[in-house]
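As structure tokens, the structure follows; a few thoughts come after it.
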Amino acid sequence: NAGVTQTPKFQVLKTGQSMTLQCAQDMNHEYMSWYRQDPGMGLRLIHYSVGAGITDQGEVPNGYNVSRSTTEDFPLRLLSAAPSQTSVYFCASSSLSGTSGETEQFFGPGTRLTVL
Amino acid sequence: GENVEQHPSTLSVQEGDSAVIKCTYSDSASNYFPWYKQELGKRPQLIIDIRSNVGEKKDQRIAVTLNKTAKHFSLHITETQPEDSAVYFCAATLGSGAGSYQLTFGKGTKLSVIP
């Protein structure tokens with residue numbers, strides 16, 4: 001199994017450009033999520049999904065859209081990139097078979113995004 | 001929502017000494033507390049977790065303790081080695097309902113083990 005994969009690994013955008021960060025998992029996990037990681041801020045939840053067709057907002061959703069058309073894929077769209085969105089983005093997935101979130105979240109390798 | 005505080009932000013220890021990282025959480029309904037290790041340039045990886053019905057859990061040189069009354073939990077690393085150098089994150093679930101799978105993370109502790 002490849003686990004959780006993300007593309008691209010690195011991306012540079014200009015302010016106002018849009019792009020999609022790709023995330024895929026091959027573990028048949030129901031739960032998928034996107035985090036951003038900034039220095040000294042830890043990991044902050046952007047959006048999450050508990051299954052195909054179901055998405056919800058996390059702590060810092062502004063400026064980002066998500067969709068979940070399949071179990072495997074959970075893309076993150078930046079609508080109009082801003083310098084404040086410069087960050088490292090991690091996708092994660094987990095099974096929902098445990099009780100109340102008691103299952104490991106597996107992280108992808110991350111995408112380092114710079115917005116000029 | 002849940003708030004997780006983590007201390008210290010940086011920690012330096014001599015090889016062979018113990019390291020302790022502490023976290024507090026705000027939502028009394030939180031019931032799952034994982035710890036992640038992130039090496040430089042890598043993804044976070046789970047190293048140990050604890051559930052709210054357990055007070056302590058140990059895995060070789062790593063242990064986690066939970067005090068539900070005080071709403072705090074700690075990571076203990078004994079006999080530290082240079083390869084333990086990394087950033088460690090604590091986390092807690094939001095609680096019951098649809099948010100029970102959302103993890104709220106602390107801001108991280110950078111551990112440096114000095115040979």
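The chains referred to below are lettered A, B, ... by the order of the sequence lines, with proteins before strands, and numbering in each begins at 1. Values reported hereafter were calculated over all heavy atoms of this structure, with side chains retained and with hydrogens, waters and symmetry mates removed. As the structure is a prediction and not an experimental result, all values here were calculated from the model.
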Next on the checklist: A side-chain contact here means heavy atoms from C-beta on lying under 4.5 Å apart; do D49(B) and K57(B) qualify?
Outcome noted: yes
Next on the checklist: For F33(B) and F73(B), I'd like to know if the aromatic rings sit close, meaning centre-to-centre distance below 6.0 Å.
Outcome noted: yes
Checklist entry - Under 30°, 30 to 60°, or over 60°: which ring-plane class applies to F105(B) and Y35(A), parallel, tilted or perpendicular? => result perpendicular
Checklist entry - Side chain, backbone, both or neither: which part of Y31(A) has a heavy atom under 4.5 Å from chain B? => result side chain
Checklist entry - Side chains of Y64(A) and R36(A): do they bring a donor and an acceptor to under 3.5 Å? => result yes
Next on the checklist: Can you list the residues of residues 107-115 of chain B that sit under 4.5 Å from chain A, counting heavy atoms only?
Outcome noted: K107(B)
Checklist entry - So do H47(A) and S33(A) actually touch side chain to side chain, heavy atoms under 4.5 Å? => result no
Checklist entry - Do D26(A) and E72(A) have side-chain heavy atoms sitting under 4.5 Å apart? => result no
Checklist entry - Measuring heavy-atom distances to chain B, does Q37(A) have an atom under 4.5 Å in its side chain, in its backbone, in both, or in neither? => result side chain
Item to check | Part of P34(B) lying under 4.5 Å from any heavy atom of chain A | outcome: neither
Checklist outcome for this item: Pair count under 4.5 Å, heavy atoms only, with chain B: among Q105(A), M41(A), R112(A), highest is Q105(A)
Item to check | Contacting moiety of F106(A), where chain B heavy atoms sit under 4.5 Å | outcome: neither
Next on the checklist: How close do S52(B) and S30(B) get, counting heavy atoms only, and between which atoms?
Outcome noted: CB-O, 4.3 Å
Checklist entry - If you look at every heavy atom in S49(A) and R68(A), which pair is closest and at what distance? => result OG-NH1, 2.7 Å
Item to check | Contact origin within L45(A) toward chain B - heavy atom pairs under 4.5 Å | outcome: side chain
Checklist entry - Does any heavy atom of chain A fall under 4.5 Å from the side chain of Q45(B), the backbone, both, or neither of them? => result neither
Checklist entry - Hey, do the aromatic rings of Y48(A) and F74(A) have their centres closer than 6.0 Å? => result no
Checklist entry - What part of V4(A) is in contact with chain B, defined as an atom under 4.5 angstrom from a non-hydrogen atom: side chain, backbone, both or neither? => result backbone
Checklist entry - Are a donor atom and an acceptor atom from the side chains of N28(A) and T71(A) found within less than 3.5 Å of each other? => result no
